[in-house]
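No hydrogens, no waters, no symmetry mates; every other heavy atom, side chains included, goes into these values. Note on naming: letters A, B, ... go to the chains in the order of the sequence lines (proteins, then strands), and numbering restarts at 1 for each one.
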Amino acid sequence: MNTKWDMIGEQGLKFFGKMSATISHEINNALAIINENAGLLQDFTLMADKGIPLDPKRLNSLAGKIIQQIRRAEGIVRNMNRFAHSVDESSKSVNLSDIVEFVAALSGRFASMRGVTLEPKPTAVPVTITTNPFFLENLIWLCLDFAMDAAGEGNTIDIITEKTENGAQVRIMHVEDLAKAPLDRFPAEREKALLDALKAGLTAELEAGELVITLPRNINT
Amino acid sequence: MKVLLIDDEEELISTLAERLSFRGIDADWVTNGEEALKKAELQCYDLALVDVRMPKMSGFALKKRMAEKCPDLKFIFMTGHGSEDDYKEGAAEAGAAYYLVKPLNIELLIKKINKVIKK
């Protein structure tokens with residue numbers, strides 16, 4: 001039988017692996033587009049050697065597309081770096097909205113594969129809590145993964161962060177078919193272990209189609 | 001020879017189609033399985049170059065449905081996810097002639113296309 005920490009460790013590795021795989025896929029996609037555009041530039045120069053004149057506008061457009069993909073890859077690498085560093089500190093003051101937005105960005109490919117849109121809503125005032133950033137990212141991902149399956153194709157899930165009396169909460173909203181989702185299997189032991197480690201709570205508001213994660217202001221107190 | 005390219009990265013697939021046309025291969029492109037099925041209803045292609053992982057309909061599922069419409073259609077799969085070994089088995093099971101990993105090498109792709117068509 002696994003202890004809570006074994007389970008969290010195992011789940012954390014799975015989460016890290018899953019996100020690393022999707023990040024590498026995204027980088028590869030950007031590289032593949034750069035490859036084709038650079039190849040097309042090469043094709044044009046070969047044609048120019050045969051006397052077909054080069055079109056400066058077309059060349060400029062191709063160069064622009066390459067630059068665009070380099071910027072896209074830069075953004076992915078920045079996220080990858082941020083994700084890698086989220087294991088650095090076991091307790092840290094974080095902007096909750098920022099973390100939610102980050103996990104939603106990491107989950108983008110999984111959402112688009114399911115035909116679901118994730119819409120983290122910005123907050124007027126920063127919602128700050130002291131928590132374990134990596135565990136929190138993992139918990140939000142597991143909830144989003146469940147919510148995306150429940151919401152189904154063509155739906156948009158809004159994600160709102162709010163201050164509460166004792167800390168903060170994340171509301172995963174418009175989960176259309178939440179009542180039909182396998183809530184007997186969610187939260188499972190892995191989610192429960194993370195909730196416990198984060199001193200957090202999770203409720204499913206079936207009528208509203210919402211998953212609500214409640215978090216303490218400070219995990220250490 | 002008429003080739004249909006299917007990948008959810010529009011920028012990639014449109015550029016690849018242009019590069020193939022410079023090499024004498026007439027290529028149409030679409031960005032999802034549903035559009036590919038519509039295209040296949042209008043005409044039968046000689047070959048489909050299909051991304052394995054696409055939203056809504058995977059490349060393997062698309063192959064199954066397209067093969068019903070065009071039994072002679074040949075397939076080459078491609079992916080940007082992982083290595084060749086990760087999908088080799090699935091691609092072989094799905095009846096693909098070849099399996100390529102992105103970024104693609106255009107000359108290698110042309111060789112594979114020619115081999116498949118000659119078969």
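- Here the straight-line distance linking atom OG1 of A/Thr117 with atom NE2 of A/His174 works out to 12.0 Å at 0.5 Å rounding.
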Please report the C-alpha distance between B/Asp8 and B/Lys56 in whole Å, then the side-chain angles of each, then the deciding distance to 0.1 Å, and finally whether the salt bridge (Lys or Arg N to Asp or Glu O under 4.0 Å) criterion is met.
CA-CA 10 Å; B/Asp8 59 315; B/Lys56 297 178 188 175; over 6 Å; no
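- Separating the CG atom in A/Asn35 from the CD1 atom in B/Ile106 is a distance of 9.0 Å, to the nearest 0.5 Å.
- The residues A/Lys180 and A/Asp177 are annotated as salt-bridged, a charged nitrogen and a carboxylate oxygen being separated by less than 4.0 angstrom.
- Looking at B/Met54, only its backbone comes within 4.5 Å of chain A, counting heavy atoms on both sides.
- With a threshold of 4.5 angstrom between heavy atoms, A/Phe110 does not approach chain B through any atom at all.
- Heavy-atom proximity under 4.5 angstrom to chain A picks out nothing from residues 29-50 of chain B.
- For chain B, no part of A/Arg114 is nearby; none of its heavy atoms comes within less than 4.5 Å.
- Using a 4.0 Å cut-off between charged side-chain N and carboxylate O, A/Glu137 and A/Arg82 make no salt bridge.
- If you measure heavy-atom distances from A/Glu36 to chain B, the contacts under 4.5 Å come from both the backbone and the side chain.
- Contact annotation for A/Asp43: only side-chain heavy atoms (C-beta onward) come within less than 4.5 Å of a heavy atom of chain B.
- Here the straight-line distance linking atom CD of A/Glu26 with atom CZ of A/Arg72 works out to 5.5 Å at 0.5 Å rounding.
- Between A/Phe44 and B/Phe22, the gap from one ring centroid to the other is short of 6.0 Å.
- Taking the six-membered ring where tryptophan is involved, the planes of A/Phe186 and A/Phe146 are essentially parallel, since the angle between them stays under 30° and well short of 60°.
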